[in-house]
Amino acid sequence: MKKFWAIFFWFWPVVALVLCVMAPSQGWWFPGPPGTQMGERIQGLFELILGIVTVTFIGTNFALGWVLWQAASKGDDKKAFYSHGSHSLELIWTIVPAFVLLFIALYQMDVWAEYRVQSFYPEETKQGSVAEFMARQFEWRVRYPAIGETLKDEAQPGDLYMVNELHVPAGRPVKINLRTQDVQHAFFAPQLRLKQDAVPGLIIPVWFDVPKAGNYDVTCAELCGWGHYKMKARIVVESQQAVDAYMRKLQEEQTEDGFVEEAAEEE
Amino acid sequence: MATVSPALHGHDHADSHGHGHHEIGFIKKYVFSTDHKVIGIQFLVTTLLMLMVGGALALAVRWQLAFPWENMPFLGDIFGLFRTEGGQISPEFYTMLFTMHASVMIFLVIIPVLAGAFGNFLIPLQIGADDMAFPVLNMLSYWFMWPAIFCFGTSFFIGGATAGPAGGWTSYPILSAIMEAAPGSGDAQTWWLFGLTLVGVSSMMGSVNYMTTIINMRAPGMTLFRMPLTIWSMFITAILQAFALPVLTAAGFMLVTDRLLGTVFFVPSEIIVNNAEPTVGGGQPLLWQHLFWFYSHPAVYIMLLPAMGMVSDMLSCMCRKPVFGYKPMVYSMAAIAGLGFIVWGHHMFTSGMNPALGMTFMTSTMMIALPSAIKTFNWIGTIYDGNVKFNAVMLNCAGFVALFIVGGLSGIFMAAVPVDIYFHDTYFIVAHFHYVLFGATLFGVFAAIQFWFPKMFGRLMNDKVAKVHFVLTFAGMNGTFFPMHLLGIAGMPRRYADPYFHTYLEHLLPMNQFMTFSAILMGCAQFLLLGNFAYSILFGEKAGRNPWNANGLEWSAPSPPGHGNFDEPPVCYRGPYEYSSPEAEALGQDFILQTSPPPAGVKKADPAHH
Amino acid sequence: MSHNDHGSHNEHSTHHVNYLAIFFVLCGCTAASVAFDLLSFSSQYITIVLVLSVAVAKALCVMMFFMHLKFEGNWKYVLLAPTTILALGLPAALFPDIGVSYYKNTAPQSGWSSEMDAWHAAHATKAANE
Amino acid sequence: MSHSAQPTALKMGIPIPNSKLGMWLFLGTEIMFFTAFIGSYIVLRVGSDGWPTSPDDTHINVIAGGINTFVLIVSSYLVVVAHEAMSQKNFAKARTYLIGTLLLACLFLGIKSVEYYGKFAHDILPGHIPENPRQAIRKVDRELESVVRSRFSAYTDAGVIEVAEANDFKVVVTKIEEYGAGTDAKNREDLKASAIVDVELFRQYMDLHDHMVSNVSMTVPAMGPAYTEARSKLAEGEKLPVLTLAEVSDFVTKLKQNEKYGSFVAAGVFDPHPVLYGNLFASTYFLMTGFHAIHVIVGMILFILAIMQGSKLDEKWTDWVENSGLYWHFVDLVWIFLFPLLYII
Ligand code: HEA
Ligand code: HEA
Ligand code: CUA
Ligand SMILES: [Cu+2]
């Protein structure tokens, strides 16, 4: 019966591992391949840590099961090994993880820097943002500059508006200005592996570079009220020509019904 | 020390106390008692009840995730808890559910069960004091729980099923600061904040008391490095409480005044929420996040360290072996506490914080895994080559170690900022903290309940039932929470009333249903614990003073100890973990109480010299 | 509160401190702070540094003598060192996020400075006329 | 509780009474409590691109603050000598000193109330302060509206007019005359007279409000035909001239000088005074001084409990006096920092 418990503690990590191995084939894994360069590197880091952690997980759980197994194999009246520990062992199992962890910490700094530190952003994004991505309860409002203009922080009369859909060109880094009109929200594009909170009062630039044309989901990842779960938008990545055409279409629609002036008034 | 029959009023030594006291009425003795043991048991029972409440809320959350927008059985129709919705969970109600689930679990279960119940019960007993330094304060710290419970309850019920605290347990402004942001949350959110403040006051009173008691009321011979790790952990926890909690209390007041008095600490200007007038302001929402996590990160260690301490004690006893590396265990707890103060920013990696801060916080967060690693390996080292007693206490402790490893390791993913960009606010986080909070802490608590039960009530709990409880809970726990890692990887955001609204998450429904069934299994298993607890108080096997043959000072007192705890003022001669030591051998046993004078002719062993 | 352990009490409170002298020092410091304000130095920073150092000096006086820390055992360091570190560290850690803003802060109220100035000017003349 | 009747030679721990140790630990938590407030204040202030410092904006009075600092220092001194007297077993003397401390604490709160009163009188309250001219004008509009509404509510309450009709001032005057017909002549004349005044005030208000509606926002509560008119003009693309704050300021002054309704206006409408970051200033100011004042009150309660012992004050209370003294010094310490941070810098 005692051995049962050792096996018990061995058994479940095995199940867990099997589950993880099965996961990708069952769809319990990342939603598609990473859509951006950045996402690729983020996922690479994830896999690196996954490797380290899996080794640790197996090692520690094996050790736990083993000390139990070994104790279970011995008789009841067996005397316990009287020891207060071992400094050299402790030193080893402090220093080894210390190096591993320090390595992880340092190894990923550049990805973080590139994603967040403005001076590390790709050159192409420094000319300005293609759109403003404004969260509000419970939708995403997209504001493009008028064709041929650059995006200003304040709404301009010729600006073009759309809700819950952002069109950007494929194959080059683009930057958007993330804002919120009311409470805090978060821009989460799972296929792009990107996330950034939209904070009231701040204009936060987010850049991404999607090589492949397609539709990518955007959800909200910061609790923002009852409709938090339904802030669904999408990023349409397409060729530059298609984006231009889309802009022209937007402009036509908006000048026709006199919406432009209204919109300018509103801000 | 032979077994002495447990006397409820072990009071033949009344005159050794400053005041021979007379008949105390029932109320003074069991209700408004200033006796730390009674207060500890009051805390324990209260928190177990709150565990049911929090668990019921969790099951409601799980119901919605498995069967979105379907009428809930039992709670929905029968009790009519939210009959207005026809038994259906509305999105607002879902928000209330997980907010209250987290608040109840954290503020009314985990924190009070560790510090309040076990801290109170064990500190004086383990250091050889007759009570806490400030018994009245101690009593107040229990009785401040009830107004807090009342406030939380009011906040939940005040507006029916559509109005409630709407901010999650983290209550980020300005969702929580501006009434219009969450229609209906008006008074509820305010009540919630009052509840939070009251819990804070209660814990603050407790922590000053614990620190004073541990510093100044130890029995003769109980040097710092002869204190059981439980005491060390309680001490360090109290320090964390004392220095981190006031910041949350202060921030809470600021949020309350933002809501009620028009202050603008967290409200920037010209924000238009829900078509209300634009705000005046100039405050910054990020300030709340910093202040909140400045407390709440140390708080996660407040929710873990005492369990770590108790598990160390219990493992040592159940393996009949000294704790592997006593001093490193102490230092690593101190290191966790110290580092715990400088890692709070890891909850804010994607919040728009300054990227330089992000790097700093990432490095310190990684470093906090080191002391945890020491502890983990030392626990395994403690079991190694021991004479292991495979009872429910031992199993729960081993479960603690196993699950803490999982929870801790998933923390490493999130500590890496780029990876956290993806994982922040997904179910990966939810998996992480349930592994550490439920997996580690609660398993530690289950073990501790069974271990110290005889000291509390003079009877043992049933080991067989406890084992079944362990297996079911362990299985249910893994079944519920392990898949959450995978959901997180699949990109399922947390706090979603209906994740399947998004096409890329639709296929996760069956997995969620499986998790819900596991959760129900685990919930049912808790009745075994409660039943065992209640049954054993009345009918359990009688225990003597020292049913586990343990070393601690508490085991030299009667079970249950009377008022004043010890028959005579105890004197401590050695460290707490001298199982199977030569001294013990000399007495022909594998343990030696800290109070037994050294047997003649045996070299004295003290872990302090290692 | 507990009233025990009186035995050790007396030797603690009979240090010969000239409280009156400390008192006068504190009064002098307060006067100095007010004076620094009225003097209006060329730079605001000078005033800030001066008044804050006076405040620290006053605080030290109160703690050392009125609160008897000068005569307490080493526990005072154990208690006060971490407290001080945390008390200084918290604002320091808040600074990079709240004190400066890494991202653009929209702060719409700052866009009004010209009209505000005009009004201030008018307001001042009006006040002068009254 | 005097449980620890153990051989003191072997007592573990540090040689100070539990109560004092507890008090010091508690003060540690208090330090963190105020750190959160003061730290937030500092970073919020540094992080704002402006801060009101002119006494004209803030109504901060350095002299009052300085006097209060002095008051607290004297009281701290009295506490320390009270404690000394206690340990010399001179309890009557100690009591006198404590009473002195208590009186000074009252004085402190008195001066504080005067300062608070000044802030209330100028509506320097968190959430009330306009931060730019536009908001200041809007605030005048809001305040004037509530004055007008409260004047009109007299008639609606009396059943003279329906709320809906209250928006049309011609109807109002006639209705009031009709109503007055049933009552005695004096009453009727009074009502008629006041109706004319009130309607005139209402017209003044609408004058301002038209501009508001056309220039600021469409979300202002609708009132009267003038509002609808303004809206339709706006829809036609016509705009009323933008009001400047100086104009509104003059407008308010004139209204207040009017002998007929000037007094109601003065009671309900503050002089427009935009203060950049004024709300954040007021928030931090009231938060810090408010919590400090609460601590002062708690300290006073501690002293009152000792003083109430009267001649029964004996060495059992020495610890009490010492600990409340420690607490009081802490309260003083906080003020020592608040004074320069709030009043000077
Ligand atoms: C008891 C509670 C507890 C504990 C102990 C921990 C422990 C840790 N936590 Fe966790 N955490 C929470 C409770 C807890 N956490 C909660 C409640 C939240 C969510 C709050 C919310 O948003 O609602 C959270 C969220 C959270 C986040 C934020 C995620 C996000 O929102 O984006 C992060 C990020 O860094 C994190 C990290 C860690 C780390 C690194 C540890 C470390 O301390 C873990 C260290 C332990 C180990 C690593 C395992 C043992 C070590 C070894 C076996 C050695 C070898 C290991 C290696 C070489 C890797 N936690
Ligand atoms: C100590 C802390 C603790 C504990 C023990 C638990 C325990 C559980 N938690 Fe919870 N949880 C949190 C802390 C905790 N949780 C926190 C902090 C959050 C974040 C909230 C936020 O986002 O703000 C959270 C969020 C959270 C979520 C995510 C919600 C969301 O983001 O949308 C989920 C979802 O599955 C969940 C599930 C569970 C379950 C199934 C249990 C189970 O383990 C519970 C099992 C226990 C029982 C079931 C007890 C026995 C009770 C009964 C037998 C009930 C019967 C009684 C009656 C009918 C009266 N929890
Ligand atoms: Cu927007 Cu959540
Ligand atoms: Cu954390």
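Convention: sequence-line order gives letters A, B, ...; per-chain numbering from 1.
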At a heavy-atom separation under 4.5 Å, does D:N68 approach chain C through its side chain, its backbone, both, or neither?
neither

With a 4.5 angstrom heavy-atom cut-off, which part of D:I336 approaches chain C: side chain, backbone, both or neither?
both

Among D:G325, D:G47, D:A246, D:G65, which has the most heavy-atom pairs under 4.5 Å with chain C?
D:G47

List the atom pairs, with distances to 0.1 Å, where a side-chain N or O of residues 23-31 of chain D and a protein N or O form a donor-acceptor pair under 3.5 Å, not counting sequence neighbours.
{"unit_1": "D:T29", "atom_1": "OG1", "unit_2": "D:F26", "atom_2": "O", "d": "2.5"}
{"unit_1": "D:E30", "atom_1": "OE1", "unit_2": "D:H295", "atom_2": "NE2", "d": "3.1"}
{"unit_1": "D:E30", "atom_1": "OE2", "unit_2": "D:H295", "atom_2": "NE2", "d": "2.7"}

Give, as side chain, backbone, both or neither, the part of D:F34 having an atom under 4.5 angstrom from any heavy atom of chain C.
neither

If you count heavy-atom pairs under 4.5 Å with chain C, which of D:R45, D:H329, D:M86, D:M32 comes out on top?
D:H329

Side chain, backbone, both or neither: which part of C:S33 has an atom under 4.5 Å from a heavy atom of chain D?
both

Under 4.5 Å to a heavy atom of chain D? For C:L38 that would be neither

Can you see which heavy atom on D:A36 is nearest to which on C:L90, and at what distance?
CA-CD2, 4.2 Å

Applying ring-ring contact (aromatic ring centres under 6.0 Å, His included), name anything that partners D:F108, two or more places apart in sequence or on another chain.
D:H292, D:W335

Partner set under side-chain contact (heavy atoms from CB on, under 4.5 Å) for C:F95, not counting sequence neighbours:
C:V100, D:V43, D:V46

Atom group of C:L79 that falls short of 4.5 Å from chain D, counting heavy atoms:
side chain

Search all heavy atoms of D:L326 against all heavy atoms of C:M67 and return the closest pair with its distance.
O-CE, 3.4 Å

Residue from D:L341, D:V81, D:V74 scoring the most non-hydrogen pairs under 4.5 Å with chain C is D:V74

For chain D, which residues of residues 59-66 of chain C have heavy atoms nearer than 4.5 angstrom
C:A59, C:V62, C:M63, C:F66

